[in-house]
Amino acid sequence: MFEFTLDALISFNKRTLVLFPNIDAGSKEMVRVMRKKGVEHHPNFRAVKHVPFEQFIQLVAHAGCMIGNSSCGVREAGAFGTPVINLGTRQTGRETGENVLHVRDADTENKIIHALQLQFGKRYPCSKIYGDGNSVPRIVKFLKSIGLSEPLQKKFCFPPVKESISQDIDHILETLSALAVDLGGTNLRIAIVSMKGEIIKKYAQPNPKTYEDRIELILKMCVEAASEAVTLNCRILGVGISTGGRVNPHEGVVLHSTKLIQEWSSVDLRTPLSDTLHLFFQCG
């Protein structure tokens, strides 16, 4: 991930301050990657091992973007409205402001470049999620309200994490799609179709002759297509099915079938598909 990040920053071609990693597990490997990429001698980069606190806060406040997995990006940067790209899963579960764009699966240089293009130079409203500067009087008020005559046992109490208002790069880059099911007299066809009408992938099987086998095959093919959609970076929003005969599109029921499709009258399609895929369903 670190190597992809450095490659993306080099390609992005902006003046960049790189902080050496803390002395944690894996830090030597990260330094090795920095030296392999020539970061310390690159004209756009300045690599430092320490920045005094006062200077660091000024840098955070005025940076075009902050990228990495530091807690500072989640906490302090939000107070200045500084755009942040949070890499990896280290901060998963922590509340983040709208200034944070998550790249949890930073598996390509292009994905990180896309995140940089979205975030660099933006300014966000200052976030008070992690404090508004009045912590001390609140702490003092709380301490005055409890009895300290007896020793207290330290306890951890974490409030429930609110639904995050930050964004995720994978969601931004996903293709919004639907599953299209075409039930003909001979074949059963399923496709992953984008919201622009582009067919991303097609599947086909002979149409079984009995109701039980047909329903089982439809569900099996839809589940497989929905699973493969993840690897194709598609988000499936719903399912549409086209079948011969008369249908009730609001109830998702085939009322009367054509002679080409046997055992296919008074068939409820919505219930098994919705229960299996947990998606919106439309029949026509």
Would you confirm whether [X], through its side chain, and [Y], through its main-chain N or O, come within 3.5 Å as a donor-acceptor pair?
| X | Y | value |
| --- | --- | --- |
| Thr82 | Val60 | yes |
| Thr276 | Leu273 | no |
| Tyr211 | Ser265 | no |
| Gln119 | Val84 | yes |
| Thr271 | Asp268 | no |

Supply the atom-to-atom distance [X] [atom1] to [Y] [atom2], rounded to the nearest 0.5 angstrom.
| X | Y | atom1 | atom2 | answer |
| --- | --- | --- | --- | --- |
| Arg270 | Asp275 | CZ | CG | 11.5 Å |
| Asp182 | Asn187 | CG | CG | 9.0 Å |
| Glu228 | Ile236 | CD | CD1 | 10.5 Å |
| Ile129 | Cys126 | CD1 | SG | 12.0 Å |
| Leu101 | Lys122 | CG | NZ | 8.5 Å |
| Ser177 | Ile192 | OG | CD1 | 7.0 Å |

Distance-only polar pair, side chains of [X] and [Y], donor-acceptor under 3.5 Å:
| X | Y | value |
| --- | --- | --- |
| Ser70 | Arg90 | no |
| Gln91 | Thr96 | no |
| Ser27 | Asp24 | no |
| Lys201 | Tyr203 | no |

How far apart are the C-alpha atoms of Ser127 and Glu98, what are their side-chain angles, what is the distance that settles it, and do they pass the side-chain hydrogen bond (donor to acceptor under 3.5 Å, both in side chains) test?
CA-CA 8 Å; Ser127 169; Glu98 61 182 300; over 6 Å; no

Which is it for Ile218 and Leu188 under the side chain to side chain contact (heavy atoms under 4.5 Å, CB included) test, yes or no, and what are the steps along the way?
CA-CA 8 Å; Ile218 290 173; Leu188 171 62; 3.6 Å; yes

Are Lys111 and Asp107 within salt-bridge range, i.e. N to O under 4.0 Å?
yes

Carboxylate-amine/guanidinium contact Lys220 Glu224, below 4.0 Å:
yes

Please give me the minimum heavy-atom distance between [X] and [Y], naming the atom from each residue.
| X | Y | answer |
| --- | --- | --- |
| Asp7 | Glu109 | O-OE2, 3.4 Å |
| Leu179 | Cys222 | CD1-O, 3.7 Å |
| Arg94 | Tyr130 | CB-OH, 3.9 Å |
| Ala106 | Met1 | CB-CG, 3.6 Å |

ILVMFWY network linking [X] to [Y], side-chain heavy atoms under 4.5 angstrom:
| X | Y | result |
| --- | --- | --- |
| Ile139 | Phe142 | yes |
| Ile57 | Tyr124 | no |
| Met66 | Phe53 | yes |
| Val230 | Met195 | no |

Is the distance between the ring centroids of Phe120 and Phe12 less than 6.0 Å?
yes

Could you go step by step and tell me if Ser11 and Ile113 meet the side chain to side chain contact (heavy atoms under 4.5 Å, CB included) rule?
CA-CA 8 Å; Ser11 299; Ile113 290 175; 3.9 Å; yes

Answer whether the closest heavy-atom distance between the side chains of [X] and [Y] falls below 4.5 Å.
| X | Y | answer |
| --- | --- | --- |
| Arg32 | Glu29 | yes |
| Val193 | Ile200 | no |
| Leu87 | Phe2 | no |
| Leu19 | Phe56 | yes |
| Phe20 | Met34 | yes |
| Cys65 | Ile85 | yes |
| Val267 | Val253 | no |
| Lys202 | Ile199 | yes |

Let's go through His102 and Val100 carefully: what are the C-alpha distance in whole Å and the side-chain angles of both, what is the deciding distance for side chain to side chain contact (heavy atoms under 4.5 Å, CB included) to 0.1 Å, and is it a yes or a no?
CA-CA 6 Å; His102 296 285; Val100 179; 3.7 Å; yes

Intermediate values then yes/no, side chain to side chain contact (heavy atoms under 4.5 Å, CB included), Val254 and Leu269
CA-CA 7 Å; Val254 181; Leu269 292 175; 3.7 Å; yes

Check the surroundings of atom CD1 in Ile23: do more than 12 heavy atoms from other residues, nucleotides or ligands lie under 6.0 Å from it?
no

Among residues at least two apart in sequence or on other chains, which ones pass salt bridge (Lys or Arg N to Asp or Glu O under 4.0 Å) with Lys36?
Glu3

Residue of the set Thr16, Asn13, Ile10 for which side chain to side chain contact (heavy atoms under 4.5 Å, CB included) holds with Asn44
Asn13

